[in-house]
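Just so you know, these numbers use all the heavy atoms, side chains as well, and skip hydrogens, waters and symmetry mates. Quick caveat: nothing in here was measured; it's all calculated off a predicted structure.
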Amino acid sequence: SDEDLGRELDIAKNAGMFSVRIDIDWSVVEPQPGRRDWSSTDRVVDAIVARGMCPYAIVTYAPAWARVATARDQPYARPASPDAFAAFAALAAERYRDRIVLWEGWNEPNITTFFTPLPDPTVYALMLRATYRAIKRVQPDSVVLAGGMAPAVNNGTNISPTAFLSSLYTLGANRYFDAFNVHPYTWPFLPNDLSTAPW
């Protein structure tokens with residue numbers, strides 16, 4: 001509800017938070033091709049901005065009709081077309097050009113969970129290039145980040161953040177992000193638990 005949203009954001013602001021991460025979820029905005037509903041995203045972005053806080057937007061998650069064919073039934077499958085994903089990112093940048101200047105291209109592309117059927121630095125590099133260019137055309141002064149990488153090890157299913165990032169550099173994709181980020185999650189373990197050392 002608006003009341004719950006306001007309460008959560010007020011608590012965050014009072015705790016000293018400045019930036020609030022929000023998904024600009026393509027699968028929510030455009031579940032059917034060409035039929036877009038931005039209302040749920042508008043509501044959250046407006047509430048963040050109204051409190052003088054900074055929305056940090058992750059453009060992510062392809063709708064079923066735009067997912068890679070081999071994983072169409074998976075909610076976090078990668079998009080079939082980097083250009084189609086970038087076109088959506090450009091629409092988001094245009095819509096929120098006066099409210100959002102921090103953008104991230106996808107979420108945790110180094111793990112299968114969020115880049116089904118398998119993480120692929122080459123595919124992601126193409127996606128990132130198209131997305132970076134699309135957002136920068138609309139908002140030249142925006143900051144575009146590479147998708148935040150999840151804790152992981154190289155195991156044939158996932159790719160460690162350092163290996164994934166090294167691949168992006170080898171591919172020249174470092175020209176298509178202003179910064180990269182890593183999600184330093186350890187849950188359900190404490191950060192000082194030695195069992196988490198490999199990842």
Within the 4.5 Å heavy-atom criterion, are [X] and [Y] side-chain neighbours or not?
X      : Y      : value
Trp103 : Val59  : yes
Leu145 : Tyr56  : yes
Ile24  : Phe88  : yes
Gln74  : Val68  : no
Met149 : His183 : no
Arg175 : Leu128 : no
Val29  : Asp37  : no

Do the side chains of Asp178 and Lys136 get close enough for a salt bridge, i.e. N-O under 4.0 angstrom?
yes
Note: Arg7-Asp4 ion pair, threshold 4.0 Å (strictly below):
yes
Evaluate the salt bridge (charged side-chain N to carboxylate O under 4.0 Å, His left out) criterion for residues Asp46 and Arg99: first the C-alpha distance (whole Å), next the side-chain angles of each, then the deciding distance (0.1 Å), finally the verdict.
CA-CA 8 Å; Asp46 289 344; Arg99 291 171 281 175; 2.5 Å; yes
Backbone N or O of [Y] within a donor-acceptor pair of the [X] side chain at under 3.5 Å?
X      : Y      : result
Asn110 : Ile159 : yes
Arg129 : Gly172 : no
Gln139 : Ile100 : yes
Lys13  : Met53  : no

Within one Ile-Leu-Val-Met-Phe-Trp-Tyr cluster: [X] and [Y], side-chain cutoff 4.5 Å:
X      : Y      : answer
Val20  : Val101 : no
Tyr185 : Leu165 : no
Val45  : Val138 : no

Test log, rule side chain to side chain contact (heavy atoms under 4.5 Å, CB included), inputs Thr116 and Arg67:
CA-CA 9 Å; Thr116 311; Arg67 294 175 194 149; over 6 Å; no
Tell me, yes or no, whether the heavy-atom count around Ile11 atom CD1, taken from other residues, nucleotides or ligands under 6.0 Å, exceeds 12.
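For Ile11, atom CD1 is crowded (more than 12 foreign heavy atoms under 6.0 Å).
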Using a distance-only test with no angle check, is there a side-chain donor-acceptor pair under 3.5 angstrom linking [X] and [Y]?
X      : Y     : answer
Asn107 : Tyr76 : no
Glu30  : Trp65 : no
Asp42  : Tyr96 : yes

Tell me if the centroids of the rings in Trp26 and Tyr61 come within less than 6.0 Å of each other.
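Not under 6.0 Å, so no.
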State yes or no: are the ring centers of Trp106 and Phe85 separated by less than 6.0 Å?
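Ring centres of Phe85 and Trp106 closer than 6.0 Å.
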Let me see the working for Asp83 and Ser81 under side chain to side chain donor-acceptor pair (under 3.5 Å), right down to the final yes or no.
CA-CA 5 Å; Asp83 292 334; Ser81 165; 5.0 Å; no
Can you say whether the rings of Phe177 and Phe180 are parallel (under 30°), tilted (30 to 60°) or perpendicular (over 60°)?
perpendicular
Measure up the Phe164 and Tyr124 rings against each other and bin them: parallel (under 30°), tilted (30 to 60°), perpendicular (over 60°).
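Rings of Phe164 and Tyr124: tilted, 30 to 60°.
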Which residues satisfy the side-chain hydrogen bond (donor to acceptor under 3.5 Å, both in side chains) test with Asp141, sequence neighbours excluded?
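Asp141 satisfies side-chain hydrogen bond (donor to acceptor under 3.5 Å, both in side chains) with no other residue.
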Using side-chain hydrogen bond (donor to acceptor under 3.5 Å, both in side chains) as the criterion, list what pairs up with Thr112, not counting sequence neighbours.
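None.
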Atom pair CG/CE of Asp10 and Met17 - distance to nearest 0.5 Å
13.5 Å
